[in-house]
Amino acid sequence: MRTRFAPSPTGFLHIGGARTALFNWLYTRRCGGTFILRIEDTDQVRSTDESTRAILDAMTWLGLNWDEGPYFQAERVEIHRQMVQKLIDEGKAYHCTCIPDELEAKRKKALAEGRKPKYDGTCRDRGLSRCPGSVVRFRCPEVGATVVHDLIKGDISFNNEELDDLILERADGYPTYNFAVVVDDAQMGITHVIRGDDHVNNTPKQILIYEALGYEVPLFGHVPMILGADKARLSKRHGATSVMAYREMGYLPEALVNYLVRLGWSHGDQEIFTMEELVRLFSLEAVGKSAAIFNPEKLLWLNQHYINAYPLEKLLEAAIPFWEGKGFDVTDRRYAAQATENLRTRSRTLVEMANSGGFYFQEEVVYDPEAAAKFLTPEYVGHLEVVLERLPSVADYTKDGLEAFLRALAEERGTKLKWVAQVLRVALTGRTVSPGIDEVMVILGKERVARKLRLAIDRIRCGG
RNA sequence: GGUCCCAUCGUCUAGUGGUUAGGACGCUGGCCUCUCACGCCGGAAACCGGGGUUCAAGCCCCCGUGGGACUACCA
């Protein structure tokens, strides 16, 4: 059993491609088969090495390893040309000298007159030979039907008369997609072609080519597309579509994989899956037939789940680039780990974490103007001064110890813990929203707390 | 226009002739509480329409309607 993922290197790996790759990978691992990566770079104009690298990086990040390749389609053009010649020799393909502009005009005319805009067969029986500017076309059967046995959608039948004498080899000598994909899949021994269902209509043409070439036809599985909120094909205007953009936005690969797999596939009521479970449970039969709308909210929820489920070491490793990205010094790993652990339940992404946890790393507290205006006032400065004064003598400097200390202090001063906590929160974090103030104090430590308290007190006293 | 595919809460889905139509995200009421978040308990929310078949249809068939894909010397 052999499968492949065959992206064209004309851009980064996008969400839809990633899901196709994921389904291929899962199905292959499930069956113990071989997963092949092939780069379809026959479009010499749009293909770039940079895109190839980006695609490989994204797959690696997602954990989708391949067993063979990457193979490059452009390196196989000699093989493609040989196969084209074979079809010409056997009368199954022919040279065509029709001018692109004229074909385009004919197509428009046919469409306007309500006829099928297919190739009119001008060169079909002219017995032309190769010449500059000529292309090679497939002699498509005009009668009969071709049926696609799809693992996901079931049997789909096409009347051959609807099909076109498609171009196999372009004027520049390069094969077209529909031909190269057949030759490569066949020669690489691909047994299961799993791809997006935007290819369904290409499949009968490809089957006819398989048969013309004398190859065994593989099994097909066409997975439904991913749409944006407006039900249009997912694109940039729906937000980020690049896998690596999600990494940069602070998503964990497990979250993206888990989200993507549940888009079109399900296993009862289960929502959370480890890779191991997926490999064990995945099946093409359970893949749905209808397109799915990409829902960023649910992805966010899954990401939060994985941020909370990660072992701390692994989470820290993933978070460090984001801390460093904000310019924070994380050489003290133990401290960075404590901060990360403390922030995880309130972070849906690592970017959110880095944005909300700056107070752990910044020397100077960045005060939110509104928060400071409300709490860093002469009315409350007394709370801060008493805490600063008694801080050195707090023996039980733990979450529980500090809570007891603050509660008693509040009572002594005739107020509630709530108010003392809020004032401290603004003094220590600069905001009115933060993790529990006792936890913050424990992690910051007495030294940092004292320094920040002095800063806040000075600010109030000097009217800063 | 033609060909092909698809159709259960707003979204992702479970459901394979008899169910109070289930779960999840989101939304929402409450609890917890030093703020926020987490967590816990509860709520609103769906079978596209019309015909059949059947004792019985979300499940099967047909026709509509709606959405999508393809219709390139792109892949």
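In what follows, every chain begins at residue 1, and chains take the letters A, B, ... in the order their sequences are listed. It should be emphasised that the depicted structure is a prediction, and the values quoted were computed from it without experimental measurement.
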Residue pair A:F361 / A:A339: nearest heavy atoms and the distance that separates them: CZ-CB, 4.1 Å

Closest contact, heavy atoms only, A:P70 versus A:L56: CG-CD2, 4.2 Å

In this structure, how many angstroms lie between the [atom2] atom of [N] and the [atom1] atom of [X], rounded?
X      : N      : atom1 : atom2 : result
A:H222 : B:rC4  : NE2   : P     : 16 Å
A:K118 : B:rG1  : NZ    : C1'   : 16 Å
A:K116 : B:rC4  : NZ    : C1'   : 13 Å
A:L166 : B:rC74 : CG    : C1'   : 14 Å
A:L168 : B:rA72 : CG    : C1'   : 14 Å
A:L299 : B:rA24 : CG    : C1'   : 14 Å
A:L163 : B:rC4  : CG    : P     : 11 Å
A:F158 : B:rU71 : CZ    : C1'   : 12 Å

Polar side chain donor-acceptor pair, [X] to [Y], under 3.5 angstrom:
X      : Y      : answer
A:S283 : A:H267 : no
A:Y360 : A:Q338 : no
A:D165 : A:Y94  : yes
A:E254 : A:Y310 : yes

Atom [atom1], compared across [N] and [M]: separation rounded to whole Å:
N      : M      : atom1 : value
B:rG2  : B:rG43 : P     : 50 Å
B:rG58 : B:rG17 : P     : 13 Å
B:rG64 : B:rC4  : P     : 13 Å
B:rC48 : B:rC55 : P     : 25 Å
B:rA24 : B:rA44 : P     : 14 Å
B:rC62 : B:rU53 : C1'   : 11 Å
B:rU8  : B:rC12 : C1'   : 12 Å
B:rG68 : B:rU11 : P     : 14 Å

Name the nucleic acid region contacted by [X], choosing base, sugar-phosphate or nothing; use a 4.0 angstrom heavy-atom cut-off, strictly under.
X      : answer
A:R344 : nothing
A:S157 : sugar-phosphate
A:L111 : base

Where the side chain of [X] meets the backbone of [Y], is there a donor-acceptor pair that is under 3.5 Å apart?
X      : Y      : value
A:K446 : A:V394 : yes
A:N159 : A:E161 : no
A:E113 : A:R115 : no
A:T20  : A:G16  : yes
A:Y246 : A:A240 : yes
A:R425 : A:P435 : yes

Provide the Watson-Crick or G-U wobble partner of [N], both distances under 3.5 Å; none if there is no partner.
N      : value
B:rU35 : none
B:rC4  : B:rG68
B:rC40 : B:rG30
B:rC25 : B:rG10
B:rC55 : B:rG18

For [N] and [X] - does any side-chain N or O of the residue sit under 4.0 Å from the phosphate oxygens OP1/OP2?
X      : N      : value
A:R107 : B:rC73 : yes
A:R195 : B:rA69 : no
A:T42  : B:rA75 : yes

Nearest listed nucleotide, side chain of A:E297, among B:rC6, B:rC25, B:rC70: B:rC25

I'd like a table of atom pairs between the protein and nucleotides 28-31 of chain B - only N or O on both sides, under 3.5 Å - with the distance next to each one.
none

Set out, line by line, the N/O atom pairs under 3.5 Å between protein and nucleotides 57-59 of chain B.
none

Under 3.5 Å, which N/O atoms of the protein pair with N/O atoms of nucleotides 11-19 of chain B?
residue : atom : partner : partner atom : Å
B:rC12  : OP1  : A:I293  : N            : 3.0
B:rC12  : O2'  : A:R262  : O            : 2.7
B:rU13  : OP1  : A:G264  : N            : 2.4
B:rU13  : O3'  : A:S266  : OG           : 3.1
B:rA14  : OP1  : A:S266  : OG           : 3.1

Could you name each residue pair satisfying salt bridge (Lys or Arg N to Asp or Glu O under 4.0 Å) that touches [range], not counting sequence neighbours?
range                       : answer
residues 293-308 of chain A : A:E271-A:K298
residues 192-203 of chain A : A:K153-A:D197, A:D198-A:R233
residues 69-78 of chain A   : A:R76-A:D184, A:E78-A:R81

Side chain to side chain contact (heavy atoms under 4.5 Å, CB included), paired with A:I156, selected from A:N201, A:V147, A:T146, A:V200: A:V200

Centroid-centroid under 6.0 Å between A:F273 and A:W265 rings: yes

Centroid-centroid under 6.0 Å between A:Y259 and A:F294 rings: yes

Per-nucleotide protein contact string for nucleotides 34-45 of chain B, where B marks a base within reach and S marks sugar-phosphate only (heavy atoms under 4.0 Å, - for neither): BBBBS-------

Closest-nucleotide 5' rank along RNA chain B - winner of A:D230 and A:R115: A:R115

Partners passing ring-ring contact (aromatic ring centres under 6.0 Å, His included) against [X] (at least two apart in sequence or in another chain):
X      : answer
A:Y27  : A:H192
A:F23  : A:F282
A:H199 : A:Y177

RNA chain B contacts among residues 137-151 of chain A, heavy-atom distance under 4.0 Å: none

Residues in contact with RNA chain B, drawn from residues 197-210 of chain A - heavy-atom cutoff 4.0 Å: A:D197, A:D198, A:H199, A:V200, A:N201, A:N202

